[in-house]
Amino acid sequence: MPNSPNLVTERLRLRCPVQADFELFYQLHSDPEVMRYITNGVPHDRETVQGYVGTLLGKLATGNPLYNWWMAERQADGAFVGWFILKDLDNTEELEIGYRLMTQHWGQGYATEGSRAILNYAFNHLQLERIVAVALPENKGSRRVIEKLGMSYRKEARFYGKSCVYYDLTKKAYENLQ
């Protein structure tokens, strides 16, 4: 049974994804602008998205409480906004927060709003001591979100085969932000 609990923010409803969400994932991952900092703008084809969704749903099904993935919908009208994730950082034992949003929802504060709900869940329910985030150095939008969350820049390092900026936030620092 997937373990990602439903989370609600002022404007968003975050819920556990299901296989029936495939078309929404495909819309998101087939947008070259969304994929600009992930695959250098090369959109995913249906087969790649199906494999990706299957892998992520399989990880959720293990019931590991430290692996969570949410579909984000606007509460007002149910519109698909994107997804958020809390998972292991590439080749480490650290947990990272991440997200992907449909381009029409960029610049509206949804990435920050959804990420704050996930940080709250991670620190207050999972009792985690530290969360990290990475982004490509040139991804100014994601870097701005990460910094709004109160995360601190620590270094540049290689993750997912790319040079990334690396940020973290401790539970103590998070509590000081509240």
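The minimum heavy-atom distance linking R143 with A135 is given by the pair CG-CB, 4.3 Å. Residue F123 comes nearest to L128 through the heavy atom pair CD2-O, 3.1 Å, listed as atom of the first residue, atom of the second, then distance. Nearest heavy atom pair, residue A111 against residue S115, reads O-OG, 2.7 Å. In terms of heavy atoms, I146 sits closest to V134 at CD1-O, 4.3 Å. When all heavy atoms are compared, the tightest approach of F80 to M71 is CE1-CE, 3.2 Å.
One N or O on the side chain of N68 and one on the backbone of P65 form a donor-acceptor pair closer than 3.5 Å. Without hydrogens or angle criteria, S4 side chain to W69 main chain gives a donor-acceptor distance under 3.5 Å. The closest donor-acceptor contact from the side chain of R158 to the backbone of G161 lies under 3.5 Å. Side chain of Q75 to backbone of T9: a donor-acceptor contact under 3.5 angstrom is found. A distance-only check finds no donor-acceptor pair linking the side chain of T112 to the backbone of G109 [under 3.5 Å]. Between the side chain of R13 and the main chain of A72, no donor-acceptor pair closer than 3.5 Å is present. N139 contributes no side-chain N or O that, together with a main-chain N or O of L136, makes up a donor-acceptor pair within less than 3.5 Å. At least one donor-acceptor pair closer than 3.5 Å links the side chain of D45 to the backbone N or O of T48.
We find that R15 and D21 are joined by a salt bridge, their nearest charged nitrogen and carboxylate oxygen being less than 4.0 Å apart. A salt bridge is defined here as a Lys NZ or Arg NE, NH1 or NH2 lying under 4.0 Å from an Asp or Glu carboxylate O, and E33 with R36 meets this definition.
Y167 and Y37 fall into different hydrophobic clusters, where Ile, Leu, Val, Met, Phe, Trp and Tyr residues are linked whenever their side-chain heavy atoms come under 4.5 Å apart, directly or through other members. Hydrophobic clustering, with ILVMFWY side chains joined whenever heavy atoms are under 4.5 angstrom apart, groups V34 together with W70. Both I38 and V81 are part of a single hydrophobic cluster, where members link through side-chain heavy atoms under 4.5 Å apart. One hydrophobic cluster holds both L126 and L14 under the rule that ILVMFWY side chains link at heavy-atom gaps under 4.5 Å. With hydrophobic clusters built from ILVMFWY side chains whose heavy atoms lie under 4.5 angstrom apart, L86 shares a cluster with L60.
Between the side chains of E147 and Y153, no donor-acceptor pair is found at a separation under 3.5 Å. A side-chain donor-acceptor contact under 3.5 Å links E156 and S163.
Proximity of F22 to Q50: side-chain heavy atoms (C-beta onward) are separated by under 4.5 Å at one or more points. L177 is not listed as a side-chain neighbour of L149, based on a closest heavy-atom distance of 4.5 Å or more.
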Quiz: residues 94-102 side-chain donor-acceptor pairs under 3.5 angstrom, not counting sequence neighbours:
unit_1 : atom_1 : unit_2 : atom_2 : d
E94    : OE1    : Y166   : OH     : 3.1
E94    : OE2    : R130   : NH1    : 2.6
E94    : OE2    : R130   : NH2    : 3.1
E94    : OE2    : Y166   : OH     : 2.4
E96    : OE2    : K87    : NZ     : 3.0
E96    : OE2    : Y160   : OH     : 2.1
Y99    : OH     : S142   : OG     : 3.1
R100   : NH1    : H29    : ND1    : 3.3

- [ ] Verify side-chain contact (heavy atoms from CB on, under 4.5 Å) between I131 and I118, making sure each step is shown before the conclusion.
- [x] CA-CA 10 Å; I131 303 290; I118 292 164; over 6 Å; no

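Residues satisfying the side chain to side chain donor-acceptor pair (under 3.5 Å) test with E23, not counting sequence neighbours, are R46.
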